[in-house]
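First up is the structure itself, then whatever we jot down about it.
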Amino acid sequence: MAEEQAPPVRRICCIGAGYVGGPTCSVIALNCPDITVHIADINAARIAAWNSDPDPVTGELVNLPVYEPGLAEVVKKCRGRNLFFTTDIEKAIEEADLVFVSVNTPTKKSGMGKGFAADLHYVEASTRLIASVSSSSKIIVEKSTVPCRTAASMRTILEANARPGLHFDILSNPEFLAEGTAVQDLQNPDRVLIGSLKTKEGELAARRLKDVYAHWVPREKVYTTGLWSSELSKLAANALLAQRISSINAMAAICEATGADVQEVAHACGLDKRIGPNFLKASVGFGGSCFQKDILNLVYLSESLNLPQVADYWKQVITMNEYSKSRFAQKVVSTLFNTITAKKVAVLGFAFKKNTGDTRESAAISLCRYFRQENAFVAIYDPKVPEAQIWLDLTEPGVVDDTKQVKEQVTIHKSVQSACKDAEAVVIATEWDEFKTLDWEAIYASMKKPAFVFDGRAIVDPKKLRQVGFKVHTVGQGPEIVDPIWA
Ligand SMILES: NC(=O)c1ccc[n+]([C@@H]2O[C@H](COP(=O)([O-])OP(=O)(O)OC[C@H]3O[C@@H](n4cnc5c(N)ncnc54)[C@H](O)[C@@H]3O)[C@@H](O)[C@H]2O)c1
Ligand SMILES: O=c1ccn([C@@H]2O[C@H](COP(=O)(O)OP(=O)(O)O[C@H]3O[C@H](CO)[C@@H](O)[C@H](O)[C@H]3O)[C@@H](O)[C@H]2O)c(=O)[nH]1
């Protein structure tokens, strides 16, 4: 029997103009000129930034709220054509035939499940708003990362509150973009996952969303599943990715103690097709808004399903990540003759990875906290993170209680050279490309001696730095092999 014709989606609303909603729906607008896209948010400042004017000299959109390579060009091309940023959420919902819910789902800070469960109140508020303002049937798409079976709660809320006669199909369409490569990932995804109910209506709604992606994604890359599998696949994918990093970081600790080199170990393992080479880069620890949050979410889900062994298994990925960060900080302190009190430590990079201005759960935040607790002076440089954001991260309520002391101990610099001047140690916390080609001789000349480099990302050549005069520690490299005088 022929499949029922799926009417094309003409108007899309995206609730949430953040790191996911903004790039995702801008790329949809770019590839689907026949679809009008409204990205709506309660945060007026964020929407104003999305609507900000180009730089009068270069014509570039330099004030967008999310920095992603290539994103400004996409927004410039589509904004005002078929892409609009608005705070009029109700109107955007009302006019749409498909609504993405792309709001934040942070870890709960209080109440039941505190520290583990996802806070779903933004998702619920969006769902209630959709129910109250809609006068036509719509497809509602979970874009946010949510616990398994959230779609069932959304359905219950919609059915209880919407006008009689309206029909809502709920789809799960988790986002797999990584920050720093968001546009590239969206333009050429490994896969697009769409989960739906296995009913005639559910499958028709999934086909309509598939048709949107088919404007630029090959149809065979769109994988359709049941709703619950789709929701769980997002948590599973992040858990598996983070697990690889914790696994290689655990190996890094063994390497440092034995003289093995974790880069060689990772390469040797990655040559096995079953293992593969990606996501095996040892580091100071993973950061970002997703890995920790989503694993905690999975741990909570497992515990609530009375699966404590499963919960413990995944919890260990986070425990190992915390250990990686503290182990690295400990290495700095022990190498600097067991005290960094009143010593200047330059921290290069504050973002959780390169090519983003995002600092959420960045390893640099933890490192700076450790160094401050040891009474060091911390000098920070990052090419993209705004100064105000760094202060916010270091003085977040509940993390430190003494803003004044933070400001006495921490300085934020506009250049690497200025951050490193008179420092005893340089710590590379983010793998920004510019750190690979620094003028290390000039940096060395300006530092106190002995001058140390602690490379938490394994991006600089330790041999070259040692020739300049530095004492170098690279994450995952045993010192007794590369520098016998440290043995
Ligand atoms: N950041 C990533 O790389 C990434 C990747 C894949 C999935 N995700 C998931 O996507 C979701 C969004 O993440 P994000 O990084 O974009 O978060 P974000 O905090 O950057 O953006 C969320 C936006 O939603 C807005 N919002 C909240 N409630 C609203 C409401 N009721 N009405 C209108 N706007 C509302 C907020 O003001 C905010 O601007 C999360 O569930 C996250 O886990 C994130
Ligand atoms: O081999 C590696 C790879 C990554 N990292 C670190 O891991 C963190 C996360 O990196 P990455 O996954 O590249 O960035 P995210 O933007 O957090 O993306 C992850 O989280 C998103 C939100 O759910 C998902 O959509 C993506 O698929 C998933 O990769 C960063 O601190 C990286 O420096 C390592 O230490 N070693």
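First listed ligand is number 1; within each ligand, the first listed atom is number 1. What's counted below: heavy atoms across the whole structure, side chains too, no hydrogens, waters or symmetry copies. Throughout, numbering of the chain's residues begins at 1 and tracks the sequence.
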For ligand 1, which atoms sit closer than 4.0 Å to a heavy atom of K234?
-> 6 (C)

Heavy-atom contacts under 4.0 Å between P174 and ligand 1: side chain, backbone, both, or neither?
-> neither

Ligand 1 and S102, any nitrogen or oxygen pair closer than 3.5 angstrom?
-> no

Judged by modelled atom types alone, do N173 and Y213 share a side-chain donor-acceptor pair under 3.5 Å?
-> yes

Identify the protein heavy atom lying closest to atom 41 (O) of ligand 1, giving its residue, its atom name and the separation to 0.1 Å.
-> T105 OG1, 2.5 Å

Going by the atom numbers of ligand 1, which of them fall below 4.0 Å from some non-hydrogen atom of K293?
-> 42 (C), 43 (O)

Nearest-contact summary for atom 9 (C) of ligand 1 - protein heavy atom, Å = T145 OG1, 3.4 Å

If only atom types and distance count, is the side chain of E175 paired as donor or acceptor with the main-chain N or O of L177 below 3.5 Å?
-> yes

Is a side-chain donor-acceptor pair under 3.5 Å present for T36 with N82?
-> no

Ligand 1 atoms nearer than 4.0 angstrom to some heavy atom of I89 are 32 (N), 33 (C)

W216-N188 side chain donor-acceptor pair, cut-off 3.5 Å | no

Which segment of S144 sits under 4.0 Å of ligand 1 when only heavy atoms are counted = both

Does a side chain donor of either N355 or E68 reach within less than 3.5 Å of an acceptor in the other side chain?
-> no

Identity and distance of the protein heavy atom lying nearest atom 8 (N) of ligand 1 | V20 CG2, 3.4 Å

Check whether the side chains of K143 and S172 place a donor and an acceptor atom closer than 3.5 Å, and report yes or no.
-> no

Determine whether the side chains of D393 and Q389 contain a donor N or O and an acceptor N or O closer than 3.5 Å.
-> yes

Could you see which bit of R360 sits under 4.0 Å from ligand 1, with heavy atoms only: side chain, backbone, both or neither?
-> side chain

Where is the nearest protein heavy atom to atom 6 (C) of ligand 1: which residue, which atom, and how far?
-> E175 O, 3.2 Å

K138 and S136: side chain donor to acceptor below 3.5 Å = yes

Is R360 positioned over the aromatic face of F352, cation under 6.0 angstrom from the ring centre and no more than 45 degrees off axis?
-> no

Any side-chain donor-acceptor pair under 3.5 Å between Y313 and Q243?
-> yes

Close residues (non-hydrogen atom under 4.0 angstrom from ligand 2) work out to E175, F176, L177, A178, E179, K234, N238, L241, I245, F279, L280, K281, S283, F286, G287, C290, F291, D294, F352, K353, R457

For atom 38 (C) of ligand 1, closest protein heavy-atom neighbour = R46 NH1, 3.2 Å

Which class fits the ring pair F454 and H473: parallel under 30°, tilted 30 to 60°, perpendicular over 60°?
-> tilted

Check ligand 1 against E179 and write out every atom of the ligand that is under 4.0 Å from a heavy-atom position of the residue.
-> 1 (N), 2 (C), 3 (O)

Give the residue, atom name and distance (to 0.1 Å) of the protein heavy atom nearest atom 27 (C) of ligand 1.
-> N104 OD1, 3.3 Å

What part of L177, side chain from CB on, backbone N/CA/C/O, both or neither, has a heavy atom under 4.0 Å from ligand 1?
-> both

Just which atoms of ligand 1 are under 4.0 Å from any heavy atom in S289?
-> 1 (N)

Closest to atom 37 (O) of ligand 1 among D41, L120, V103, D119 (heavy-atom distance) = D41

With a 4.0 Å heavy-atom cut-off (strictly under), which part of I15 contacts ligand 1: side chain, backbone, both or neither?
-> side chain

Are S135 and E94 close enough that a side-chain donor and a side-chain acceptor fall under 3.5 Å?
-> yes

Do the side chains of R163 and S134 get nearer than 4.5 Å, heavy atoms only?
-> no

Nearest heavy-atom approach of S26 to C78 is O-SG, 4.3 Å

